[in-house]
Asker: 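Please see the structure below; I have some questions.
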Protein chains: 2
Amino acid sequence: METTGFERHDHGACIRDGVSAVDARCRELGLQFTPVRRRVLELLLEGHRALGAYDILDRLREEGLGSQPPVAYRALDFLVKHGFAHKIERLNAFVACACPGESHMPAFLICRQCDKVAEAEADMRDGRLGESAAAVGFRIERAVVEAEGLCPSCQGAAA
Amino acid sequence: METTGFERHDHGACIRDGVSAVDARCRELGLQFTPVRRRVLELLLEGHRALGAYDILDRLREEGLGSQPPVAYRALDFLVKHGFAHKIERLNAFVACACPGESHMPAFLICRQCDKVAEAEADMRDGRLGESAAAVGFRIERAVVEAEGLCPSCQGAAA
DNA sequence: TCGTGAATTGTGATAATATAACAGAGGGCG
DNA sequence: CGCCCTCTGTTATATTATCACAATTCACGA
Ligand SMILES: [Zn+2]
Ligand SMILES: [Zn+2]
Ligand SMILES: [Zn+2]
Ligand SMILES: [Zn+2]
């Protein structure tokens, strides 16, 4: 999987493809892709941005799909648990996975200006951190990697 | 700086040195290393473990050093802002910096069993993430890198 | 030494994020 | 139908973090 999210792309297709990929995957795995779950995924796909659980909840409320925190959190838990979305710890917020289906150790590039989030691949078991860990005998199982900075277009705007 | 925290070491010295390093650094920079701030740093140094703000606050309360959340948060903000401690986003908790004074891009190895935290160095601008970021023109300014897994002694215990 | 402004602390209130607990709805299947 | 299982609705509560403002302490120069 390559970094994406900062590049121009057909975003309508991006949403449709994201939803239908997850739909297919749920069928495969016998998971229930219910209306709330589908809608939450759509909301996350809308902007390549991280959304807080309460942002999601507000939208659901407007649409009559649920009004209490557990509704949003349950849908998000489902999506995260099955790898269809990720939590950005730094922001206490969530993004749709850019490549649902493949299991991976995601890394994120977060623009501090426009809040867009791109997903990259960076298995931490390779590289310097992996070496340091191996050196002390630490076994890495999962990793939170969240890089913050300026995306290309915000660098342009700043100049 | 090397990973530390999982290896045996003279921990009394570890605390003393940590505190006096910060003390010296504050003198250099003209910062006020007040009793609350000092005590919070000592608490963080106590276990090479991440402590939540309210854990800290409980200890402060017992000791009559303050009883409301802002007291703990302000001390933690001070320590984090000046690089004497770090926040572990994954845990909403804080650890003392293993090498106060040097500015760095820290990475953490977090044992999911015993909750110990070791600090490693892993500048994300190198390596695969750096390449991915460069490829899309993203400029990394800071990074949260938190690897979770099993420390050497917990691997031993599990077997 | 004393006055002055800035930094720090005390305190009550509240915001933002997240979970617990349990009752109800719905569907597949004997 | 009756049972089991998953998902949903709802109330309440836990956990993490910040705001606002008054009181105090500190650094620093007059
Ligand atoms: Zn898109
Ligand atoms: Zn941007
Ligand atoms: Zn130590
Ligand atoms: Zn351990």
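Just so we're on the same page: letters track the sequence lines, and every chain starts at 1. Please read these numbers as outputs of a predicted model, since none were measured by experiment.
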Asker: I need the CG-C1' distance between Asp58(A) and dT17(C), as an integer number of Å.
Answerer: 13 Å
Asker: So, for Met105(A) and Arg142(A), which heavy atoms are closest and what is the spacing to 0.1 Å?
Answerer: CE-CA, 3.6 Å
Asker: Which comes earlier along DNA chain D counting from the 5' end, the contact point of Leu65(A) or that of Gln32(A), where each point is its nearest nucleotide?
Answerer: Gln32(A)
Asker: Could you check how far CG of Leu31(B) sits from P of dC28(D), rounded to whole Å?
Answerer: 11 Å
Asker: Can you tell me how far C1' of dT8(C) sits from CG of Leu76(B), to the nearest Å?
Answerer: 15 Å
Asker: Answer yes when Asp23(B) and Arg27(B) have at least one side-chain N-carboxylate O distance shorter than 4.0 Å, and no when they do not.
Answerer: yes
Asker: Between Arg128(A) and Glu121(B), does at least one N-O distance fall below 4.0 Å, as a salt bridge requires?
Answerer: no
Asker: Asn92(B) side chain: which of dA17(D), dT9(C), dA18(C) is closest?
Answerer: dA17(D)
Asker: Rounded to the nearest Å, what distance is computed from the CG atom of residue Asp77(B) to the P atom of nucleotide dA7(C)?
Answerer: 16 Å
Asker: Atom CZ of Phe78(A) to atom P of dT19(C): distance rounded to whole Å?
Answerer: 17 Å
Asker: As a test of reading the structure: which of dA17(D), dT11(C), dT9(C) is closest to the side chain of Val36(B), going by heavy atoms?
Answerer: dT9(C)
Asker: Counting just side-chain N and O atoms, does Thr34(B) come under 4.0 Å of either OP1 or OP2 of dT9(C)?
Answerer: yes
Asker: Kindly say if Lys87(B) contacts the phosphate of dA17(D), meaning a side-chain N or O under 4.0 Å from OP1 or OP2.
Answerer: yes
Asker: Rounding to a whole Å, what distance do you find between Arg37(B):CZ and dG10(C):P?
Answerer: 12 Å
Asker: Using the ring of each side chain (for Trp, its six-membered ring), is Tyr73(B) parallel, tilted or perpendicular to Phe94(B), with breaks at 30° and 60°?
Answerer: perpendicular
Asker: Considering only dT19(C), dT10(D), dA17(D), which nucleotide approaches the side chain of Gln68(A) most closely?
Answerer: dT10(D)
Asker: Taking Arg74(B) first and then Asp77(B), would you say they form a salt bridge - that is, a charged N and a carboxylate O separated by under 4.0 Å?
Answerer: no
Asker: Rounded off to whole Å, could you give me the CG-to-P distance for the Leu57(B) and dA14(D) pair?
Answerer: 17 Å
Asker: With the side chain of Val71(B) defined as its heavy atoms from C-beta on, choose the nearest nucleotide among dT11(C), dA21(C), dA20(C).
Answerer: dT11(C)
Asker: In whole Å, I'd like the distance from the CG atom of Leu60(A) to the C1' atom of dG9(D).
Answerer: 13 Å
Asker: Decide yes or no, distance alone: a donor-acceptor N/O pair under 3.5 angstrom between the base of dA18(C) and the side-chain of Tyr54(A).
Answerer: yes
Asker: Between dG10(C), dT10(D), dT8(D), spot the one nearest the side chain of Pro70(A), thanks.
Answerer: dT10(D)
Asker: Does any donor-acceptor pair link the side chain of Tyr73(A) with the base of dA20(C) at a separation under 3.5 Å?
Answerer: no
